[in-house]
Amino acid sequence: KDKRFLAASGWEQDLLFGKGSGRMPTRHDIDAVVADRPVFLHRICWHILVCNTKALELAGLIDPHTGAALPLPPGYRPELLEREPAGANADTDPLTLLPSGIMLEEGVD
């Protein structure tokens with residue numbers, strides 16, 4: 001099977017989910033379409049990207065065997081996107097506290 005990264009850009013959440021919905025795509029949305037190869041999608045502004053579970057596994061943020069969150073590399077600060085704290089760069093799911101797949105600012109790099 002082909003395991004190369006799939007990359008795209010230009011999405012905007014208001015066009016995907018409706019203006020004012022506040023919903024952002026997550027790794028689960030991408031996994032529902034492509035789960036067997038790494039995917040990352042840059043938002044139109046290039047300050048936010050969302051990636052699937054396979055990409056998070058390859059980045060060392062999720063254990064590929066257990067699905068558990070792994071310790072974040074130095075400099076990564078997981079936060080809830082709704083709070084948008086200064087310096088946040090990795091969003092976490094508020095229920096599971098696992099990475100949501102949404103990366104902000106420095107997390108995009």
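Residue indices begin at 1 and follow the sequence shown.
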With sequence neighbours excluded, give me every salt bridge (charged side-chain N to carboxylate O under 4.0 Å, His left out) pair touching residues 19-34. R23-D29
Does a side-chain heavy-atom distance below 4.5 Å link V50 with I30? yes
Evaluate the side chain to side chain contact (heavy atoms under 4.5 Å, CB included) criterion for residues F40 and L6: first the C-alpha distance (whole Å), next the side-chain angles of each, then the deciding distance (0.1 Å), finally the verdict. CA-CA 6 Å; F40 64 93; L6 293 175; over 6 Å; no
Nearest non-hydrogen partners of N52 and A35, listed with the distance: ND2-CA, 4.4 Å
Which heavy atom of K54 sits nearest a heavy atom of R37, and at what distance? CG-C, 3.7 Å
Cluster question for you: counting only ILVMFWY and a side-chain heavy-atom cut-off of under 4.5 Å, with indirect links fine, are I48 and L15 together? no
Rounded to the nearest 0.5 Å, how far does SG of C51 lie from CG of L61? 7.5 Å
Which value, rounded to the nearest 0.5 Å, describes the distance between W11 atom CH2 and I44 atom CD1? 10.5 Å
Write down the atom of P25, the atom of L16, and the distance for their closest heavy-atom approach. CG-CD1, 4.2 Å
Does anything in residues 58-69 pair up under salt bridge (charged side-chain N to carboxylate O under 4.0 Å, His left out), and if so which pairs, sequence neighbours excluded? none
Are any of the side-chain heavy atoms of L70 and I62 separated by less than 4.5 Å? no
Does some side-chain heavy atom of H47 sit less than 4.5 Å from a side-chain heavy atom of H42? no
